[in-house]
Asks: 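After the structure tokens below, expect a handful of questions from me.
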Amino acid sequence: MKEEQKKSPVSEETRLSQVVSAQTNFSELAQLLRLANVQASHLDDTLRKINSFQLKADIKSR
């Protein structure tokens, strides 16, 4: 039995299609992670502002 078998053109096309699909998925994932990072930064900023207002309210109420 031969250890090395010839790859059929169909399986090669399928493999290339899967590589392109994987690259697209990684690209989309990277884009989503960048968006999540921006949203996390905005949330952090908003929470800091809320905390600041709460501290000011606490100081005024004392």
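This one's a predicted model, so the numbers in the text were calculated from it and none came from an experiment.
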Asks: Can you sort out the partners of Asp44 under side chain to side chain donor-acceptor pair (under 3.5 Å), two or more places apart, ordered by chain and number?
Replies: Arg48
Asks: Do you know which of Thr24, Asn25, Val19 makes side chain to side chain contact (heavy atoms under 4.5 Å, CB included) with Ser21?
Replies: Asn25
Asks: What's in the same ILVMFWY side-chain cluster as Leu33, cut-off under 4.5 Å, chained through other members?
Replies: Leu29
Asks: Can you list everything that forms a side chain to side chain donor-acceptor pair (under 3.5 Å) with Arg34? Sequence neighbours excluded, please.
Replies: none
Asks: Determine, stepwise, if the pair Asn51 / Gln54 fulfils side chain to side chain contact (heavy atoms under 4.5 Å, CB included).
Replies: CA-CA 5 Å; Asn51 190 36; Gln54 286 176 341; 4.1 Å; yes
Asks: So, applying side chain to side chain donor-acceptor pair (under 3.5 Å) with Arg15, which one of Glu13, Glu12, Gln18 is it?
Replies: Glu12
Asks: Between atom CD1 of Ile50 and atom CG of Leu43, what is the distance when rounded to the nearest 0.5 Å?
Replies: 8.5 Å
